[in-house]
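Index from 1, following the sequence. Below, all heavy atoms of this structure are taken into account, side chains as well, without hydrogens, waters or symmetry copies.
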Amino acid sequence: MNTKKTVALVLGSGAARGNAHIGVIQAFEERGYDIVSISGCSIGAIVGGVYAAGKLSEYREWAESLDRMNVVRLLDMSILNGGYVKGDRFFEKIQDLIGQPAIESLPIAYTSVAVDLLNQKEFWFQRGDLINAMRASSAIPSLILPVTLNGQMYVDGGVLNPLPIIPSVPAGADYIVAVDLNGPAEQVINEVSEGEEEGPAWWMSTKGFFGKNKEDGVDDKAKYSPESWGRLQTINMMFETMQESLTQYKLAGYPPDLLISIPKDISGFYEFWRAKELVQFGYETALKAIDGLESPKSNYFSFPKGY
């Protein structure tokens, strides 16, 4: 008889900050919880899908091996399609790791949330090809090509539901735990690691798509300032502002048992080369949250405070 407490995990959208999801999952497993359901949006759908497919450790090893140039190589921009990122290279790697399983074959319940543009509504992928479900959920408007499946066009679920709590309810788990990657800023980062003098400057070489050209010697703070933003950064900031507002609305409508809030300024959305520290941050944050969850005196919604 399984005596473990069960968790339905909700993994929100947030690009590179999604590496924190890996640490959160690790923390819950180490503390003896049984994750019986995953619902995710965008990077949450990707990390959650890889976990449900049983390949999270392999994905983590790959993610932590990425440096700046590896990330550049994953960006397969299509000039013929208006400069969109196609995403083929990234998902080819995901498919190398997990194969091409059907969602209904996974050992735990899984939902990927996308937006059906033609019908202008939220769509839940709970059956069919897992890779397609991940791609549909993570197609950021104006940046990544929409995904066309069976005559429908899908984009990032964060357009309508960046923290998809409702799909986790049918699992009947002891706790619904939501991981929000757009939490209140704590001014904890957007710093360049010691010894990495070039910071995000390599993005600025892509003809203004990522950032405007700057003179040598610009300090790191200036590199992250709005004056240095290119098209990618500007669109993303607008998208994240929208998602933060939507998240608060969703939380008010259906609060989870535990909210783990990852500060939105923990990393730039494109800093996938910082996976190791983001995994560790998610792990440490989740351990503190679990301590609150297990405390008999604790009101464990939410951690940390902020909403």
Side-chain angles (χ1 to χ4, degrees), residues 9 11-26 29 35 38-78 80-81 84-114 125-140 143-150 154-158 179 181 202 267 269-280 282-283:
L9 203 54
L11 303 180
S13 62
R17 293 190 298 277
N19 284 304
H21 287 324
I22 301 172
V24 171
I25 291 171
Q26 178 189 352
E29 288 193 323
I35 299 171
I38 293 274
S39 59
C41 173
S42 198
I43 190 65
I46 293 170
V47 174
V50 171
Y51 173 73
K55 297 295 183 179
L56 189 62
S57 61
E58 291 87 345
Y59 177 83
R60 175 178 180 172
E61 181 179 358
W62 171 69
E64 292 183 348
S65 74
L66 294 176
D67 59 20
R68 286 176 172 77
M69 291 311 302
N70 294 142
V71 175
V72 172
R73 293 186 186 104
L74 288 171
L75 293 172
D76 45 0
M77 280 191 291
S78 174
L80 296 177
N81 289 289
Y84 280 97
V85 174
K86 293 187 292 183
D88 291 347
R89 294 174 188 166
F90 176 81
F91 282 102
E92 283 170 5
K93 179 60 182 181
I94 298 298
Q95 188 168 332
D96 286 345
L97 290 173
I98 71 172
Q100 203 161 5
I103 294 172
E104 55 268 33
S105 73
L106 301 174
I108 64 175
Y110 172 84
T111 302
S112 167
V113 175
F125 286 89
Q126 295 179 316
R127 298 183 63 81
D129 185 86
L130 176 60
I131 298 290
N132 284 340
M134 292 176 176
R135 293 193 74 147
S137 183
S138 56
I140 302 172
L143 297 179
I144 300 176
L145 274 173
V147 173
T148 302
L149 297 170
N150 301 319
Y154 299 98
V155 296
D156 195 309
V179 186
L181 300 179
W202 61 269
S267 82
F269 75 99
Y270 50 79
E271 294 181 313
F272 284 93
W273 60 83
R274 297 178 59 198
K276 190 170 185 178
E277 63 184 285
L278 291 168
V279 170
Q280 185 64 23
Y283 174 72

Check: L130 and Y110 side chains under 4.5 Å, non-hydrogen atoms: yes
Show, in sequence, the C-alpha distance, side-chain angles and deciding distance for D129 and L149, and conclude whether the side chain to side chain contact (heavy atoms under 4.5 Å, CB included) test is met. CA-CA 11 Å; D129 185 86; L149 297 170; over 6 Å; no
Any side-chain heavy atom of I38 sitting closer than 4.5 Å to one from V47? no
Enter the distance from K276:NZ to E64:CD here, rounded to the nearest 0.5 Å. 6.5 Å
Heavy atoms only: give me the nearest P146-A139 pair and the separation to one decimal. CA-CB, 4.1 Å
Are the side chains of D156 and C41 in touch, meaning some heavy atoms are under 4.5 Å apart? yes
For a quick test of reading the model, state the closest non-hydrogen atom pair linking A20 to L181 and the distance between them. CB-CD2, 4.5 Å
May I have all residue pairs that pass salt bridge (Lys or Arg N to Asp or Glu O under 4.0 Å) and include part of residues 40-55, sequence neighbours excluded? none
With rounding to the nearest 0.5 Å, note down the distance linking CD1 in I140 to CG in L145. 12.0 Å
Closest contact, heavy atoms only, R60 versus I22: CD-CG2, 3.8 Å
Please report the closest heavy-atom contact between F269 and A15, naming both atoms and the distance. O-CB, 3.1 Å
In terms of the angle between their ring planes, are W62 and F90 parallel, tilted or perpendicular, with boundaries placed at 30° and 60°? tilted
When you measure from the side chain of E104 to the backbone of G128, do you find a donor-acceptor pair of N or O atoms at a distance under 3.5 Å? yes
Kindly write out the residues that satisfy side-chain hydrogen bond (donor to acceptor under 3.5 Å, both in side chains) with N70, not counting sequence neighbours, or none if the list is empty. none
Please confirm whether the backbone N or O of A45 pairs with a side-chain atom of H21, one donor and one acceptor, at under 3.5 Å? no
For a quick test of reading the model, state the closest non-hydrogen atom pair linking A63 to N19 and the distance between them. CB-OD1, 3.9 Å
Would you find a donor on one side and an acceptor on the other, under 3.5 Å apart, between the side chain of S137 and the backbone of S42? yes
Which pair of heavy atoms, one from R89 and one from R73, lies closest together, and at what distance? NH1-O, 2.6 Å
CD1 of I103 to CD1 of I108: how many Å apart, nearest 0.5 Å? 12.0 Å
Compare all side-chain heavy atoms of I35 with those of Y51 and state whether any distance is below 4.5 angstrom. yes
Does any non-hydrogen side-chain atom of L56 lie less than 4.5 Å from one of Q26? no
Enter the distance from Y283:OH to I25:CD1 here, rounded to the nearest 0.5 Å. 14.0 Å
Working to the nearest 0.5 Å, report the span between CD of E58 and CD1 of I94. 11.5 Å
I'd like to know if the side chain of T111 reaches the main chain of Q126, judged simply by a donor and an acceptor atom lying under 3.5 Å from each other, with no hydrogens or angles considered. no
Does the side chain of N132 come within less than 4.5 Å of V147's, by heavy atoms? no
I need the Y59 OH to L97 CG distance, nearest 0.5 Å. 9.0 Å
Heavy atoms of other groups near E29 CD, more than 12 under 6.0 Å: yes
Donor-acceptor contact below 3.5 Å, side chain S112 vs main chain A133: yes
